[in-house]
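Below is one structure, written out as structure tokens, with a few remarks after it.
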Protein chains: 2
Amino acid sequence: MNDPPDPDPPHVPGLRPIRMKDIAEQLGLSQTTVSHVLTGKHAKFRISAATVERVWALAQKLGYRTNAMAQAFREQKSYAISLAVEDLSNPFWAGIAVGAEREAELHGYTLVVSHLAGNTGRLRRALQLVHESRVDGLIVSPISGGDCDLIAAHEQGLPFVQIDRAVPDLDVACVRTDHAAGSVLALRHLLRHEDRSLVYIGGPLDIATYRHRLDGFQAELTRSGVAAAAIEELKEATPEAAEARMVELLQRLRGPLAVYAANFCSTVGTLRGIRAAGLSVPDEIDVVGFDDILMADLLRYPVATVDQDVGGIGREAVRLLLQRLAGAEVAREVLLPPRLTARTSDVPRSEGRARARRARRADGSPDPSRQSRSGGPGKNKKSN
Amino acid sequence: MNDPPDPDPPHVPGLRPIRMKDIAEQLGLSQTTVSHVLTGKHAKFRISAATVERVWALAQKLGYRTNAMAQAFREQKSYAISLAVEDLSNPFWAGIAVGAEREAELHGYTLVVSHLAGNTGRLRRALQLVHESRVDGLIVSPISGGDCDLIAAHEQGLPFVQIDRAVPDLDVACVRTDHAAGSVLALRHLLRHEDRSLVYIGGPLDIATYRHRLDGFQAELTRSGVAAAAIEELKEATPEAAEARMVELLQRLRGPLAVYAANFCSTVGTLRGIRAAGLSVPDEIDVVGFDDILMADLLRYPVATVDQDVGGIGREAVRLLLQRLAGAEVAREVLLPPRLTARTSDVPRSEGRARARRARRADGSPDPSRQSRSGGPGKNKKSN
DNA sequence: ATGAAAGCGCTAACAG
DNA sequence: CTGTTAGCGCTTTCAT
């Protein structure tokens, strides 16, 4: 329509992005030369400094942006990776996403997220993204029922890495917390008091995660030459189950206890059971939980927790995936060390205050304090 | 290298995806015809049923997948949108991401996430993604210091929508909770007892969100013909500030109270202050908080909360963005109604149990109960 | 030191 | 009903 009356469009805002061709034409150069300059290969092609300068200047003036779609098409690389997790709204997975996004960005990659919600259909769609080259590779946390899909995907050579959980007998890298090491931390912490009966309470042992935690606990017991008063396996990892079991346990067991509640829900249930029994933590019963996730801050229970390096899981998963995309052989398993966070009193101070800050809402207001804790990308705001 | 000795590769797994051309050649058809069939336009072009069938069969057999990059390049549409939020690891934003991802997927779009962490550099990179056509549009929650970047982006015609917060005087759609309506819910709930002094405690009023909440509260006060005993504006929205204020308040005010703690941190602080004073909720003091976010479940405080429809914010933001990308005029502001969740006792039951389930870790174990609550996409698992 | 040309996989306008 | 052709923006030989 109105093409002829528009022979010199300097920078009309939303209309038609600038292409290399545009720059070339206005400069009386070939598009090739512009490409050489703009992709930083002017040295290699010995473009004259003057030309380089002119191209740069005009590109700047016109607001040239490389067209990522054309580039992706040309190179057959989308520069995007996908993260498919069970439940993005869960702080555990969200933390992984944060770490992954950070690392991906560092390498010029974009992070696409998929919320699987236990749905194998969604898992298949996530795998599709790779097949369709919408993303170059996938980071996935295996969900129940999806094992065969992942096995098939691997046979087709589809590039992915697993996180948190590994499909049995599948030769694909997995990044997760070293749960056994976490149990070692927990036990050593509990062993700082003498003469306490040791209790382990955790989730069902057919789940590999819980198996690892108990194994680590028992191995360290052996090494320490001590015995546990009770090993409690819950049939269901819920606060209710843990609370019930704890109440029951407190009737059986005498004397001061040291409890390792080996997962989040067990921790909550354990604390409730203890409170219901009218006992105090940590004076009468000491508790170490697993996974922090805001809880300790909000409840202000003086419990120590074994915290997973969720950001690290995301970060390492991305690194592994990118290595694999680059054709390198990668580790079969990457274990990240957890850390133990001790909390001393009911009154938040120092570290406690830092944690409180993480739960605070900013909502547009400047955040006065902003320094990383332990390298993790886990700064939080906005909780109202 | 070994190209000649491989003239007929049926479906070698990871090697070279099948193109339309491959199908066309093997069938002695033109690539165009294959395209017509595979894109479902065979009716329009009146392709013979036999041909359609042959193409379909071979595509199936060869495992043809449309190459999204080529398609994106051709159509100049990436079929990806970006969600840039302050802090992905915060359940509020993560919930929005879940809702957004669901809606995006429904429309064949992919969701790219960016974790801004209050960093304007990251915001600019998020805007870059659109400039570079890596994504078609952006959903962004304005962060402090980023207003000018967003204003500039809008002037350049870059397609985006805002969530939760709106840059003042910027004519760009914003999707957020109807905070004022939330306050109405809160006040009506508190007014169910007679003879209670009403207290409002909330964050600083230079933040629009908190302003809206107080405005809604006061408007409803007027409509109800009642007066508040105290309107408390905290300088900082932290649990510590709220607790201190509450302690102070409890010394000043006599008689049964009904408190509206208008944001999450205020709620936590308020409850702590009340507990510190040895008073009981809700018998001596009734409390309505703002934003659920696991708290009520873990703390089992019998407080009601005004909960935001976080999934809905994500969903509507995507809808608006896609409409705008389709060239439609869109609403300037979309307000989502919050809902009030009442909790009656200390013992979790019915709804309480459903909430508990959300906080539970599945980790590979099958999830027995799986039905949506109130249309929101917020099924949760994995918290250990 | 610069340019011409081909092609990545797909779609669409236009012929037959 | 099916095929020919051109082109999306960019990179990359290969010439000059």
Side-chain angles (χ1 to χ4, degrees), chain A residues 3 15-56 58-59 62-79 108 130-134 136, chain B residues 3 15-56 58-59 62-79 108 130-134 136:
Chain A
D3 239 13
L15 276 137
R16 256 275 243 93
I18 309 301
R19 299 160 303 163
M20 288 182 177
K21 195 185 179 187
D22 301 322
I23 298 180
E25 280 171 359
Q26 290 193 41
L27 252 35
L29 288 168
S30 80
Q31 191 255 37
T32 309
T33 304
V34 174
S35 169
H36 288 336
V37 174
L38 257 22
T39 51
K41 298 194 180 66
H42 40 263
K44 188 173 158 196
F45 288 94
R46 280 127 39 107
I47 311 287
S48 76
T51 306
V52 170
E53 209 36 71
R54 289 199 307 152
V55 170
W56 274 349
L58 190 58
L62 261 35
Y64 170 82
R65 306 286 171 157
T66 169
N67 181 326
M69 288 181 315
Q71 209 166 303
F73 174 52
R74 176 71 236 269
E75 301 177 25
Q76 296 291 11
K77 291 186 63 183
S78 67
Y79 290 101
V130 192
H131 276 129
E132 294 178 357
S133 302
R134 288 176 76 127
D136 295 334
Chain B
D3 239 15
L15 277 135
R16 253 277 243 95
I18 310 300
R19 300 160 302 160
M20 288 184 179
K21 195 185 180 189
D22 301 323
I23 298 182
E25 280 171 359
Q26 290 191 41
L27 252 34
L29 289 168
S30 82
Q31 190 253 33
T32 308
T33 304
V34 174
S35 170
H36 288 337
V37 174
L38 258 22
T39 50
K41 298 196 180 66
H42 42 265
K44 189 173 159 196
F45 289 95
R46 286 138 20 120
I47 311 286
S48 77
T51 306
V52 170
E53 210 35 73
R54 289 198 307 153
V55 171
W56 273 349
L58 190 59
L62 260 36
Y64 171 81
R65 307 287 173 157
T66 170
N67 182 326
M69 288 181 314
Q71 212 166 300
F73 174 50
R74 177 69 237 270
E75 302 178 26
Q76 296 291 19
K77 291 185 62 181
S78 66
Y79 289 101
V130 192
H131 275 128
E132 294 178 357
S133 303
R134 288 175 77 127
D136 295 334

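Numbers restart at 1 for each chain; the letters A, B, ... are given by sequence-line order, proteins then strands.
- Residue A:Y64 has a polar side-chain atom (N or O) positioned under 4.0 Å from OP1 or OP2 of D:dC10.
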Evaluation steps, side chain to side chain contact (heavy atoms under 4.5 Å, CB included), between A:T66 and A:L38: CA-CA 9 Å; A:T66 169; A:L38 257 22; over 6 Å; no
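- Residue B:N67 has its side chain nearest to C:dG9 when only D:dT11, D:dT13, C:dG9 are considered.
- The interatomic distance linking A:R19 (CZ) with D:dG7 (P) rounds to 12 Å, in whole Å.
- Comparing A:S48 and A:Q31, the nucleotide of DNA chain C nearest to each residue sits closer to the 5' end for A:S48.
- For A:K44 and C:dT2, the NZ to C1' distance is 15 Å, given to the nearest whole Å.
- Considering every non-hydrogen atom in both A:M20 and A:Y64, the closest pair reads CE-OH, 3.4 Å.
- Considering every non-hydrogen atom in both B:K77 and A:M69, the closest pair reads C-SD, 3.6 Å.
- Close to C:dG3, at under 4.0 Å from its OP1 or OP2, lies a side-chain N or O of A:T33.
- The side chain of A:S35 contributes an N or O atom lying less than 4.0 Å from OP1 or OP2 of D:dT11.
- Side chain A:T32 to base C:dA5: a donor-acceptor pair is found below 3.5 Å.
- Rounded to an integer number of Å, the gap from B:F73 CZ to C:dA12 P is 14 Å.
- If you take CZ of B:F45 and C1' of C:dC14, they are 10 Å apart, rounded to a whole angstrom.
- When distances are taken from the side chain of B:H36 to each of D:dG3, C:dT11, D:dT11, the shortest belongs to D:dG3.
- Counting only heavy atoms from C-beta on, B:R46 has its side chain closest to D:dC1 among C:dT2, D:dC1, C:dC10.
- Computed from coordinates, the A:I47 CD1 to C:dG3 C1' distance equals 10 Å when rounded to whole Å.
- Comparing B:Q76 and B:V52 by the nucleotide of DNA chain D whose heavy atom lies nearest to each, the residue mapping closer to the 5' end is B:V52.
- Rounded to a whole Å, the CD atom of B:E25 is 12 Å from the P atom of C:dG9.
- For the residue pair B:S78 and B:A72, the shortest heavy atom distance occurs at CA-CB, 4.0 Å.
- B:R74 comes within contact range of at least one nucleobase, with a heavy-atom separation under 4.0 Å.
- A:L27 places its CG atom 11 Å from the P atom of C:dT2, with the value rounded to the nearest Å.
- The residue A:K21 sits apart from the nucleic acid: no heavy atom pair falls under 4.0 Å.
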Test side chain to side chain contact (heavy atoms under 4.5 Å, CB included) applied to B:H42 and B:T51, step by step: CA-CA 10 Å; B:H42 42 265; B:T51 306; over 6 Å; no
Chi angles and distances behind the side chain to side chain contact (heavy atoms under 4.5 Å, CB included) call for A:T33, A:V55: CA-CA 9 Å; A:T33 304; A:V55 170; 5.5 Å; no
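- Residue contacts for B:K41: at a heavy-atom cut-off of 4.0 Å it reaches the sugar-phosphate backbone alone, with no base atom in range.
- Residue B:T51 has a polar side-chain atom (N or O) positioned under 4.0 Å from OP1 or OP2 of D:dT2.
- Taking atom OH of A:Y79 as the reference point, atom C1' of D:dG9 lies 15 Å away to the nearest angstrom.
- Annotation: of the two residues near DNA chain D, B:E75 and B:L29, the 5′-most nearest-nucleotide partner is B:L29.
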